[in-house]
Protein chains: 2
Amino acid sequence: MPDGYKAPVPTLERLATYLTVLTGFKSKGVDTVSSIDIEQHAGVNAAQVRKDLSLFGGFGKTGVGYNVTALHEHISKILKLEHTQRVLLVGAGNLGSALAGYPALRTENFKIVAVFDNNPRKIGAEIWGISIKDIASLVDENRSLGAKIGIIAVPASWAQQTAERLVEAGVLNILNFAPVVLRLPEGVTVRNVDFVQELAVLSYHIRSESEPG
Amino acid sequence: MPDGYKAPVPTLERLATYLTVLTGFKSKGVDTVSSIDIEQHAGVNAAQVRKDLSLFGGFGKTGVGYNVTALHEHISKILKLEHTQRVLLVGAGNLGSALAGYPALRTENFKIVAVFDNNPRKIGAEIWGISIKDIASLVDENRSLGAKIGIIAVPASWAQQTAERLVEAGVLNILNFAPVVLRLPEGVTVRNVDFVQELAVLSYHIRSESEPG
DNA sequence: TAGATTGTTAATCGATTAACAATC
DNA sequence: TAGATTGTTAATCGATTAACAATC
């Protein structure tokens with residue numbers, strides 16, 4: 001891994017999946033797995049698994065496989081998840097509230113450290129033990145919080161300015177739930193989650209009754 | 001488009017984005033757009049836009065561009081969204097409730113026609129005007145509803161059996177929010193949305209203070 | 001007509017998979 | 001040792017981008 005090396009995004013997505021799968025193996029007390037075991041649980045071709053892992057170093061033992069605990073640790077480090085990762089959440093509506101209370105985040109070492117909204121009736125209230133703050137205070141608040149990841153769960157029409165404020169606060173990694181293409185400076189990483197898009201792709205695949213399997 | 005032709009998934013994902021963008025153009029009263037206009041709003045290379053669209057037919061006019069309304073209609077038809085698409089939602093927890101009330105679904109012609117849960121304290125209650133039904137009745141209920149798309153918003157440990165029940169009910173297109181790889185028969189289309197995975201990919205991209213832009 | 005922009009072909013790029021020597 | 005499985009190279013596959021003739 002040379003200095004500025006960035007792994008392919010598909011590889012990173014799979015690494016995250018391997019991590020979840022390894023957490024499962026750990027809790028079952030399994031201590032060694034082969035790439036084929038991972039294939040079975042992660043739904044990823046065994047050759048692909050080995051290729052992905054070998055990009056970051058030889059974590060396995062020829063003829064034996066991978067040590068579950070060690071591999072879990074290695075991947076955690078690659079994804080910078082060996083320590084808790086602080087996250088800002090903007091938008092305390094239905095979706096934002098659901099995300100704030102999503103238990104899997106905590107399990108995988110993410111922690112939502114602040115929730116912001118611009119609705120005066122929400123500011124000051126609490127969700128899941130976190131008090132909702134005014135969006136206007138976001139930049140200021142993050143000076144002490146130092147979060148590097150932000151989630152946008154605001155209406156589409158507010159997403160762009162929310163993103164800009166996050167960037168201003170030094171949050172250069174953004175998970176965007178609004179169906180809008182954000183225009184942000186170089187060096188900002190954005191991942192979009194678009195429910196409508198997902199359903200649309202499924203809709204395309206609907207077969208009429210007469211179609212063969 | 002030959003009979004059993006299936007477009008590449010990346011193309012379908014982009015088509016859904018074009019649809020959203022075109023809805024925007026329509027509401028602004030724009031009536032013609034070029035592939036470069038779409039590039040600017042959808043964040044997709046203009047050549048890619050033309051390639052995607054030409055897979056389904058020549059919707060544009062050389063030297064002129066694409067008629068907004070006509071293109072919107074064409075894409076709607078391709079994605080089977082020209083009429084309302086019925087959707088079953090399983091899981092009436094925080095995430096499920098947020099999805100049930102998600103306004104963009106309605107805008108883009110999706111309608112959640114039933115919500116299921118296995119918690120006796122929830123069954124019979126209502127969310128967003130839809131009454132929550134027992135999961136045990138899913139197959140039976142869908143005989144009259146005839147939905148072809150289902151959303152899984154249950155805990156990971158319930159996801160597999162939920163998926164199997166959906167398939168039994170003839171719902172072969174599944175949007176899965178549980179961080180589990182579903183094992184289902186051939187011919188079932190699954191799309192996974194994994195918040196933790198998304199955040200993990202972002203986490204990888206975090207730069208340390210000293211790193212150059 | 002001159003300018004603009006499509007649809008499509010060809011070139012490039014990148015990701016996935018298969019195969020196998022190395023080796024535990 | 002014999003069997004298993006890695007790490008890696010080479011082959012395949014597919015997706016993206018550039019370029020341009022056709023043409024409105």
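In this text, all values refer to a predicted model and were calculated from it rather than measured experimentally. Convention: sequence-line order gives letters A, B, ...; per-chain numbering from 1. In what follows, every heavy atom counts, from backbone to side chain, and hydrogens, waters and symmetry copies are set aside.
Rounding to whole angstrom units, NZ of residue B/Lys6 and C1' of D/dG14 are separated by 19 Å. Atom P of nucleotide D/dT5 and atom CG of A/Leu53 are separated by 16 Å, given to the nearest angstrom. A/Phe59 has its CZ atom 14 Å from the P atom of D/dT6, to the nearest Å. Rounded to an integer number of Å, the gap from A/His74 NE2 to D/dG7 C1' is 15 Å.
Secondary-structure annotation of DNA chain C gives the stems C:3-24 with D:3-24, with a stem taken as at least 3 successive Watson-Crick or G-U pairs whose two distances both fall under 3.5 Å.
Going from atom CG of B/Leu172 over to atom CG of B/Leu184 covers 9.5 Å, rounded to the nearest 0.5 Å. To the nearest 0.5 Å, the span separating NE2 on A/His72 from CG on A/Leu22 amounts to 6.5 Å.
Looking only at side-chain heavy atoms (C-beta outward), B/Phe110 and B/Ile149 come within less than 4.5 Å of each other. Taking 4.5 Å as the limit, every side-chain heavy atom of A/Asn176 sits out of range of all side-chain heavy atoms of A/Ile151.
For the segment residues 61-72 of chain A, the set of residues with a heavy atom within less than 4.0 Å of an atom of DNA chain D comprises A/Lys61, A/Thr62, A/Gly63, A/Val64, A/Gly65, A/Tyr66, in numerical order.
Residues meeting the side-chain contact (heavy atoms from CB on, under 4.5 Å) test with B/Ala42, sequence neighbours left out: B/Thr17, B/Tyr18, B/Val21, B/Ile38, B/Val44. Residues satisfying the side-chain contact (heavy atoms from CB on, under 4.5 Å) test with B/Asn67, not counting sequence neighbours, are B/Thr69, B/Ala70. In terms of the side-chain contact (heavy atoms from CB on, under 4.5 Å) criterion, residue partners of A/Val30 (sequence neighbours excluded) are, by chain and number, A/Phe25, A/Lys28, A/Val33, A/Val68.
A cation-pi arrangement, defined by a distance under 6.0 Å to the six-membered ring centre and an angle within 45 degrees of its axis, is present between B/Lys80 and A/Tyr204.
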>> side chain to side chain donor-acceptor pair (under 3.5 Å) for B/Ser76 and B/Glu82? Distances and angles first, verdict last.
In response: CA-CA 5 Å; B/Ser76 289; B/Glu82 75 276 37; over 6 Å; no

> What do the steps show when you test B/Arg14 against B/Gln48 for side chain to side chain donor-acceptor pair (under 3.5 Å), and what is the final call?
Replying inline: CA-CA 9 Å; B/Arg14 288 188 297 264; B/Gln48 183 73 270; 3.1 Å; yes

Could you list, one pair per line, each protein nitrogen or oxygen that sits under 3.5 Å from a nitrogen or oxygen of nucleotides 16-19 of chain C, together with the distance?
from   : atom 1 : to      : atom 2 : distance (Å)
C/dT16 : OP1    : A/Arg14 : NH1    : 2.9
C/dT16 : OP2    : A/Arg14 : NH1    : 3.2
C/dT16 : OP2    : A/Arg14 : NH2    : 2.9
C/dT16 : OP2    : A/Gln48 : NE2    : 3.3
C/dT16 : O5'    : A/Gln48 : NE2    : 3.0
C/dA19 : N6     : A/Arg50 : NH2    : 3.2

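Among the atoms of the strands shown, base atoms are found under 4.0 Å from some heavy atom of A/Ser54.
Looking only at distances, no side-chain donor or acceptor of B/Asp194 sits under 3.5 Å from a matching main-chain atom of B/Pro179.
Nearest-nucleotide mapping onto DNA chain C: of B/Ser35 and A/Val9, the residue sitting toward the 5' end is B/Ser35.
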